[in-house]
2 protein chains.
Amino acid sequence: MPSSRRVTLKEVARQAGVSYQTVSKLLNGQVRLLPETEARIREAVDRLGYRPLYPARSLRSRTSRTLGYSWTPATPDSPNQILDLLLQSMLSAAEASDYHLLCFAHHFDVRRELETYLTLYETRRVDGFILSSVEYDDPRILFLLEREIPFVAFGRSNPELQFPCIDVDGCEGLRMVVNHLLESGHRRIAVLAWPETSRVGNNRLEGYLQAMHSAGLEPDSLWIQRGEGQVAFGEEATRRLLNLPPERRPTAIAALNDLMAFGALRAAQQSGLHVGSDIAIAGFDDTPAARYVHPPLTSVRQPIWQIGQQLIAMLLEVLNHAYTSPPECVLLAPELIVRASTSPEASE
Amino acid sequence: MPSSRRVTLKEVARQAGVSYQTVSKLLNGQVRLLPETEARIREAVDRLGYRPLYPARSLRSRTSRTLGYSWTPATPDSPNQILDLLLQSMLSAAEASDYHLLCFAHHFDVRRELETYLTLYETRRVDGFILSSVEYDDPRILFLLEREIPFVAFGRSNPELQFPCIDVDGCEGLRMVVNHLLESGHRRIAVLAWPETSRVGNNRLEGYLQAMHSAGLEPDSLWIQRGEGQVAFGEEATRRLLNLPPERRPTAIAALNDLMAFGALRAAQQSGLHVGSDIAIAGFDDTPAARYVHPPLTSVRQPIWQIGQQLIAMLLEVLNHAYTSPPECVLLAPELIVRASTSPEASE
DNA sequence: ACAATCAATGCGAACGTTCGCACGAACGTT
DNA sequence: AACGTTCGTGCGAACGTTCGCATTGATTGT
């Protein structure tokens, strides 16, 4: 009669008639046994439903098979539209390698934030970290590099620092938008941009400039409107653009995010323009709402699933010391989703 | 010269001149020492930067101080708008009690899903679970109850099952919406609802019916439109409503979620109506987009932060066996956010 | 035919903590 | 003066696994 006590290696070994260390080695693939011995052990494992106790394994093996992740909380003004997908992607990738994800709270106080990372690592709750929302001079990067704590980052930081990193090629994304607008016949294309301090913003803006120059066009300085990236700014900047004299007035507007594009949509409609035919408007990020506004918004979708998968794969490589060459930043191309706001005949 | 080896209890104890078990007991608050002894120990702890190794502690104490959470991934059709806030809330509550959150992937295959919960618990990776997206006959509920695995749920299940649970009072939410519309003078109020199989939907719909009856109104059967909760359904249902003869045609529409309300908004505008004055439209969930559509959408906001805090608090109570009476379901009242879609003079 | 190799398994130790009880000293009580 | 009590601390054991080396018997090469 099986008692309800937990099934340990010793119990399995007893029933299979081997030493418990042998069972451990078999399950960890560290040894090859006689087929019949192996069969006896596996039978006992299955019959008893043995599962190795995680803290015991972790104590001895000095690894937690757990990865830490923390992210900057969203505000009502900038909801985090990708968190769900990114997490699910990382979770599935981690699970496939028998790893798990430990989430922990973000702290706006930098000292406390760094302390949290260090404690999690030193108490061996996690083997390494995934960082997101990385910016220039991100204190976490230097902190972790100095202590040789394994991590990967979603987003680039200072170019002089070398660490494994994945980022979306925002430059390429805006090139795609502008080229799409050029192909539709637009020549006077404006852009709703972020302040000059934004790394992500400058990267995307660069794509606009490159695409315009490649087409032999020199953007009017007024076509580059900078603001704080909200709906309200998109609306007022668009009104300014529409008030320009006809020969300087843009026929298309590329926004660096969907929120500003939503504002542009509203301003254009209030001016009596029919978005899609009278004027083209495109966003960036492909937020859920992009499909639901009227007309549906052309936007640039980041390959979030792929990013999650690669982040985990890279971190596991770091943990296995599988890196031969110094780690570089991997750039992934985004995808242009064409909808009716730039192309009236688009299906959506 | 301190080597870079990890600092253990023994090292701290040696420097403080006590046995290492005494240090452990002090740090765990299991003993009171002479003030001077305690001071010596604390000084050594601080100086060496000692932190207890989590797997060792966990192995011996038979608890992981970790809670498991998994959620149904969003689809493009129904983005998960609350995940970020809910997670942050739970993380902060857990951290305050020195707990952590382990996230794991959702499996659509039920056997695999249940197996995942069981394995996490049996391998002692987690002490208990938080469930969300709970529905009628949720297999997880029975599975966990049978095995006496601690958990709390966000959302109600079968009334005959007793377990700790938190839910938003959707019935109350819709009463608030309808009462607000009644106060604005509306009498013919329609509702965009979910299929009859939806527990959440029926709960919210009940609030509509109660509020109407309380006002002495009997809803026309055509005013209750049921569909799959998407923008497209909201749009077509609203068109049907607007095509009713004037004396049956509703002057206000309450949708059970924001997506349907967005569809209603579009349909009304395409009919040339001015939303807010000619017709009132309200949603539910207060998704981020509710603020950005035109006109801004009146909606019902769930107290997500509070829910996260309470979920963790309840689960910790379960883990501490602090429950005296059988656990009941806690209902939290949502908040009505009035915007221009029902109230032209609203600030937003 | 004899040392050298190899395959299959066993064995003691260690990982760093917490648990449970024991022990001596100081204290108050009768 | 003898006796329980309480306080402060120590000690051995245990939690369940993995690590590293040892051991045994069979196989190979010369």
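Lettering of chains follows the sequences in order, A, B, ..., and the numbering in each one begins at 1. None of these values were measured; they are calculated from a predicted model.
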Atom CZ of R65(A) and atom C1' of dT18(D) are separated, to the nearest Å, by 13 Å
Hey, does the side chain of Y50(B) come within less than 4.0 Å of dT17(C)'s phosphate (OP1/OP2), counting only N and O? yes
Would you kindly give the CG-to-P distance between L53(A) and dA14(D), to the nearest whole Å? 17 Å
Taking only the side-chain heavy atoms of S61(B) (C-beta and beyond), determine which of dC19(C), dG16(D), dT18(D) contains the nearest atom. dC19(C)
When all nucleic acid strands are considered with a 4.0 Å heavy-atom cut-off, which category describes L9(B): base, sugar-phosphate, or nothing? base
For the pair H106(B) and F108(B), name the ring-plane relationship: parallel under 30°, tilted 30 to 60°, perpendicular over 60°. perpendicular
How would you label the contact of V31(B) with the nucleic acid (heavy atoms, under 4.0 Å): base, sugar-phosphate, or nothing? base
So, is T22(B) near the phosphate of dT9(D), with a side-chain N or O under 4.0 Å from OP1 or OP2? no
Please determine if a side-chain N or O atom of S24(B) lies less than 4.0 Å away from the OP1 or OP2 oxygen of dT18(C). yes
Take P35(B) and R124(B), find for each the nucleotide of DNA chain D with the closest heavy atom, and name the residue whose nucleotide sits nearer the 5' end. P35(B)
Residue L33(B), side-chain heavy atoms: nucleotide from dT9(D), dT17(C), dT18(D) that is nearest: dT9(D)
Is the positively charged end of R124(A) above the ring of Y54(B), judged by distance under 6.0 angstrom from the centroid and angle within 45° of the axis? no
Fit a plane to each ring of Y117(B) and F104(B), take the angle between them on a 0 to 90° scale, and name the class: parallel (under 30°), tilted (30 to 60°) or perpendicular (over 60°). perpendicular
Is the terminal nitrogen or CZ of R147(B) (NZ for Lys, CZ for Arg) located under 6.0 angstrom from the six-membered ring centre of F143(B) and within 45° of that ring's axis? yes
In whole angstroms, how far is the P atom of dG25(D) from the CG atom of L34(A)? 14 Å
Please report, rounded to the nearest Å, how far the P atom of dG16(C) is from the CG atom of N28(B). 17 Å
May I have the distance from I41(B) (atom CD1) to dG10(D) (atom C1'), rounded to whole angstrom? 12 Å
Side-chain donor or acceptor of R57(B) under 3.5 Å from a matching atom on the base of dT17(C)? no
Among the nucleotides dT17(D), dT17(C), dG8(D), whichever has the atom closest to the side chain of T8(A) is dT17(D)
Over how many whole Å does the gap from L59(A) atom CG to dT18(C) atom P extend? 12 Å
Look at T37(B) and dT9(D) and indicate whether a side-chain polar atom (N or O) is within less than 4.0 Å of OP1 or OP2. yes
Side-chain-base donor-acceptor pair under 3.5 Å for R60(B) and dT18(C): yes
5'-most contact on DNA chain D: E38(B) or A56(B), nearest heavy atom basis? E38(B)
Any side-chain N or O of Q30(B) below 4.0 angstrom from OP1/OP2 of dC19(C)? yes
Phosphate oxygens OP1/OP2 of dA8(C): is one of them under 4.0 Å from a side-chain N or O of R32(A)? yes
Does dT17(C) have OP1 or OP2 sitting under 4.0 Å from an N or O in the side chain of S58(B)? no
Using side-chain heavy atoms (C-beta onward) and a distance below 4.5 Å, is L26(B) in contact with R32(B)? no
Which of these passes side-chain hydrogen bond (donor to acceptor under 3.5 Å, both in side chains) with Q15(B): E43(B), K10(B), R47(B)? R47(B)
G-U wobble or Watson-Crick pairing nucleotide for dT30(C) (cut-off 3.5 Å, both distances): dA1(D)
Do R125(A) and T119(A) pass the side-chain hydrogen bond (donor to acceptor under 3.5 Å, both in side chains) test, and can you show the C-alpha distance, the side-chain angles, and the key distance before you say yes or no? CA-CA 8 Å; R125(A) 277 197 106 112; T119(A) 298; over 6 Å; no
Could you work out which one of dG16(D), dG12(D), dT17(C) sits closest to the side chain of P52(B)? dT17(C)
Gap between atoms NZ and P, on K10(B) and dA14(C) respectively (whole Å): 10 Å
Once you round it to whole Å, what is the distance between P of dG16(C) and CG of L27(B)? 16 Å
May I ask you to verify whether the side chain of K25(B) and the base of dG20(C) hold a donor-acceptor pair under 3.5 Å? yes
